[in-house]
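Step one of this worksheet: look at the structure below.
If you read the sequence from its start, that first residue is 1, and numbering goes on from there.
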Amino acid sequence: MDATYPEGNDLDPFAVPGVVDGADSESGVPSFTLAVDGELFDLRSDEQGGTHYTWLSGPNEGYGFSSSPTPRQSLEGHRENIRTFLAQIDPTTGYIEDD
């Protein structure tokens with residue numbers, strides 16, 4: 001599968017399962033799907049120049065996080081954001097741990 005990264009950023013040929021080309025039907029905001037360490041995330045740019053990450057394979061539907069600003073962030077940068085998020089997750093609840 002040929003993958004394209006929104007706005008012409010450099011591609012990582014090992015990104016899986018690939019990129020969804022086009023825009024989300026509800027918001028018109030381009031999104032793509034990225035697998036990191038066995039977990040699947042939907043990434044969508046927001047109007048303030050950030051990115052919202054929805055954890056598609058997580059135990060809590062719709063759960064995720066946002067990061068800002070992320071204009072033209074590399075795929076490795078997105079992976080690092082996701083790994084930081086996952087490192088905070090309580091495996092019992094699937095949510096970020098309370099301190």
Are L34 and H78 side-chain neighbours, meaning at least one heavy-atom pair lies under 4.5 Å? yes

S57 side chain vs L40 backbone, donor-acceptor pair below 3.5 Å: yes

Can you establish whether the number of heavy atoms outside E61 located under 6.0 Å from its atom CD is more than 12? no

Flag the pair Y53 / S67 as yes when at least one side-chain heavy-atom distance between them is below 4.5 Å, and no otherwise. yes

On a heavy-atom basis, which atom in L86 and which in V36 lie closest, and how many Å separate them? CD1-O, 4.4 Å

Looking at P59 and G94, what are the two nearest heavy atoms and their distance? CG-CA, 3.7 Å

Mind listing the closest non-hydrogen atom pair of E39 and G58 along with its distance? OE1-N, 4.3 Å

Nearest 0.5 Å, what's the OG1-CG distance between T93 and N60? 7.0 Å

Under the salt bridge (Lys or Arg N to Asp or Glu O under 4.0 Å) test, residues paired with D37 that sit two or more places apart: R83

Testing the 3.5 Å rule here: is there a donor-acceptor pair between the side chains of D90 and Y95? no

In terms of ring plane angle, is the pair F65 and F41 parallel, tilted or perpendicular, where the classes change at 30° and 60°? perpendicular

With under 30° as parallel and over 60° as perpendicular, where do the rings of Y63 and W55 fit, or are they tilted in between? tilted

Carboxylate-amine/guanidinium proximity below 4.0 Å for D42 and R44: yes

Would you say D46's side chain and G49's backbone share a donor-acceptor pair under 3.5 angstrom? yes

